[in-house]
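In what follows, every chain begins at residue 1, and chains take the letters A, B, ... in the order their sequences are listed. Only heavy atoms go into these numbers, but all of them, side chains included; no hydrogens, no water, no symmetry mates.
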Amino acid sequence: MLQLQVIRDHKEQIITALKKRNIDALPLLENILDLDENRRSLQAKLDNTLAESNKLSKEIGMLFKSGKAQEANVLKEKTGVLKEESKTLNEALSSKAEELQALLYQIPNIPHESVPAGSSEEDNEEIFKEGEVPALVENALPHWELAKKYDIIDFELGVKIAGAGFPVYKGKGARLQRALISYFLDKNTEAGYTEMQVPHLVNEASGYGTGQLPDKEGQMYHVGADDLYLIPTAEVPVTNIFRDEILNEKDFPIRYTAYTPCFRREAGSYGAHVRGLNRLHQFDKVEIVRVEHPEKSYQALDGMVEHIKNILRELKLPYRILRLCGGDLGFTSALTFDFEVFSTAQDRWLEISSVSNFETYQANRLKLRYKDENGKSQLAHTLNGSSLALPRVLAAILENYQTEDGIEIPEVLRPYTGFDSIS
RNA sequence: GGAGAAAUGGCAGAGUGGUCGAAUGCGGCAGUCUUGAAAACUGUUGAGGGUCACACCUCCGGGGGUUCGAAUCCCUCUUUCUCCGCCA
């Protein structure tokens, strides 16, 4: 959420910047500024009424104390009127404030200056590419065929138990999955991230804090009986650790990592693009989250990108990095880099990580602040990234590491799997 | 799930109807002293809104109520603790 003060001061810049997202923000912003002015004048009136009422109350107290009950009773009459007035004002104020809040939630984050304009993923900018695309073995299979051939993932079984999009990992498939989780967590820990285990269900306030609510309500599973949401990403519980916190500058940098399952309703499309592990309702992910000083956040973002590059190099997967264009950029993000691995057998790129700087957008919703050197409260910057999303990494490994005889396990994972190949 | 107790500033902990945004201690920050540090002493130290700056307003777990006036009384919800029950 953008700060009102920023909207007041930089209306034109915001409008220009949001054009990159193909949004004409002018009517919305004007509406907001009008409401804001309205709200403030109501607030001022209410404050004055309350001030007067407070003053009278004090006088009444004094009069009673000095035994002048009659005079006190005269004043009491007056306060009745003020009370009515303040009640009316207060109601008007609440409704304005609510209206204003609802509009503020509708403005997405301002894209970073480096974000290219564009309307769809076509316009994302490839900024880096590395790794060899392996030569295909003859009769190379996509991962869903391999999964069946080696009996390591059972999609039909998941359908029976839960529904489409809830695969069952079996035997070495399950073990490989667990190996990846451990490996990612170890890499993150080595890089200075503290491992956390967090709730997989969150309350409404947390959903609002990181921006899943109210904009993307339908994407989360909602547990109605208890009014909780299944997390779509560990970003939600981990970032909300800092909701309503005021940090000290010396607390920075804050680096957390967490493994969680992720749940997404995504009533998405059908076909090859969502086959197998490509898109699921439940999947595993290891996430990294950082809370940073505003001056250091882009440096932190670069650090995260380097870190993930490093992991993909070790896994020897061919990958590229995209700078998301305005049209593809997430609602809450200022700058996002997507990592995609090349899946040989599917002959396409698979998104396996998304690394973003939210600047103060989430922090404003979270009320996540720090004390600057002058002792003033300032909003911190939040960032997060996947390191990594499991299913597509698994898909890429299965497809790219397949041989005539089976599937090789990447060198770095062998200490974790305890086996060298799946056959 | 049943019975009882509690929820106050970064922490601990007073405050049971008026001048209380809240005693006191610890912690934090600044200063004095010191070559430096510690100790001691002095001052300062919650958040948000509002203002050019003041004034002023709101907030003592959340919501509602009583009252001229609520941290303090009432209702309700949530959470925590103790006891009982159930349970991986």
Side-chain angles (χ1 to χ4, degrees), chain A residues 1-9 32-101 103-105 197-209 213 223-229 237 240-252 254 261 291 360 362-380:
Chain A
M1 191 164 64
L2 300 183
Q3 295 167 85
L4 251 177
Q5 193 58 53
V6 173
I7 298 175
R8 282 184 209 145
D9 297 344
I32 284 173
L33 289 173
D34 281 351
L35 271 171
D36 177 42
E37 220 175 290
N38 217 312
R39 195 209 89 226
R40 274 190 289 168
S41 90
L42 277 169
Q43 178 84 61
K45 276 186 203 156
L46 176 63
D47 285 357
N48 288 336
T49 311
L50 288 174
E52 208 174 319
S53 169
N54 287 344
K55 217 174 98 190
L56 281 177
S57 289
K58 275 182 191 169
E59 281 175 31
I60 290 170
M62 305 271 232
L63 289 172
F64 271 124
K65 260 196 181 157
S66 51
K68 299 175 184 163
Q70 277 179 340
E71 289 179 47
N73 283 326
V74 175
L75 289 186
K76 270 199 199 180
E77 311 258 316
K78 279 200 201 168
T79 58
V81 182
L82 291 174
K83 210 177 166 184
E84 277 306 307
E85 231 175 276
S86 61
K87 200 178 163 190
T88 313
L89 284 168
N90 199 20
E91 275 162 14
L93 180 65
S94 311
S95 102
K96 284 288 169 220
E98 221 169 277
E99 218 177 310
L100 181 60
Q101 188 64 45
L103 291 184
L104 283 171
Y105 278 137
Q197 288 201 10
V198 292
H200 298 168
L201 280 82
V202 294
N203 56 29
E204 198 178 47
S206 293
Y208 274 95
L213 295 175
V223 184
D226 299 288
D227 202 16
L228 293 170
Y229 295 86
N240 271 281
I241 289 171
F242 299 98
R243 176 151 46 85
D244 290 320
E245 292 292 326
I246 301 178
L247 306 166
N248 292 310
E249 281 200 345
K250 61 172 188 250
D251 295 329
F252 296 128
I254 292 170
V291 181
T360 60
Q362 289 183 329
N364 191 32
R365 289 189 172 196
L366 293 160
K367 296 197 171 48
L368 163 52
R369 293 151 292 172
Y370 69 95
K371 289 260 188 232
D372 68 15
E373 66 266 26
N374 302 316
K376 274 195 72 180
S377 290
Q378 306 286 355
L379 293 173

Protein-nucleotide distance (A:E37, atom CD; B:G50, atom P), rounded to Å:
12 Å

Watson-Crick or G-U counterpart of [N], or none if no pair lies under 3.5 Å:
N: B:C73; answer: B:G65
N: B:G10; answer: B:C26
N: B:G21; answer: none
N: B:U32; answer: B:A40
N: B:A47; answer: B:U58
N: B:C81; answer: B:G4

Only one of A:E84, A:K83, A:E85 forms a side-chain contact (heavy atoms from CB on, under 4.5 Å) with A:V81, so which one is it?
A:E85

Need to verify one output field. Residue with the more 5' nearest nucleotide on RNA chain B, A:R369 or A:D36?
A:R369

Per nearest nucleotide of RNA chain B, the residue lying toward the 5' end, A:K371 or A:A44, is A:K371

Looking at every non-hydrogen atom in both residues, tell me the closest pair between [X] and [Y] and how far apart they are.
X: A:D251; Y: A:I254; answer: O-CG1, 3.3 Å
X: A:G209; Y: A:N240; answer: CA-OD1, 4.0 Å
X: A:Y370; Y: A:L379; answer: CE2-O, 3.5 Å
X: A:E249; Y: A:K371; answer: CG-O, 3.2 Å
X: A:A380; Y: A:F252; answer: CB-CZ, 4.0 Å

What string of B, S and - do you get for nucleotides 52-69 of chain B 5' to 3' if you count protein non-hydrogen atoms under 4.0 Å?
----SSS--------BBS

If you compare every side-chain N and O of A:R40 against the phosphate oxygens of B:U51 (OP1, OP2), does one of them come in below 4.0 Å?
yes

Could you give the distance separating [M] and [N] at their [atom1] atoms, to the nearest angstrom?
N: B:A70; M: B:A3; atom1: P; result: 33 Å
N: B:U24; M: B:G46; atom1: P; result: 13 Å
N: B:U82; M: B:G13; atom1: P; result: 16 Å
N: B:C59; M: B:G21; atom1: C1'; result: 9 Å
N: B:U78; M: B:G64; atom1: C1'; result: 15 Å
N: B:G65; M: B:A71; atom1: P; result: 15 Å
N: B:G17; M: B:C68; atom1: C1'; result: 12 Å
N: B:U66; M: B:A53; atom1: P; result: 38 Å

Return the residues of residues 241-252 of chain A meeting this criterion: a heavy atom under 4.0 Å from some atom of RNA chain B. Order them by number, or give none.
A:I246

Rounding to 0.5 Å, atoms CG (A:L4) and CZ (A:R40) come to a distance of 8.0 Å

Got a second to check how far A:N203's CG is from A:L228's CG, nearest 0.5 Å?
7.0 Å

Anything under 3.5 Å between a donor and an acceptor, one on a side chain of residues 42-51 of chain A, the other on a protein residue two or more places apart or in another chain? List them.
| residue | atom | partner | partner atom | Å |
| --- | --- | --- | --- | --- |
| A:Q43 | NE2 | A:D47 | OD1 | 3.2 |
| A:N48 | ND2 | A:A44 | O | 3.3 |
| A:T49 | OG1 | A:K45 | O | 2.8 |

Mind telling me whether A:Y208 and A:Y105 have parallel, tilted or perpendicular rings, with 30° and 60° as the class edges?
tilted

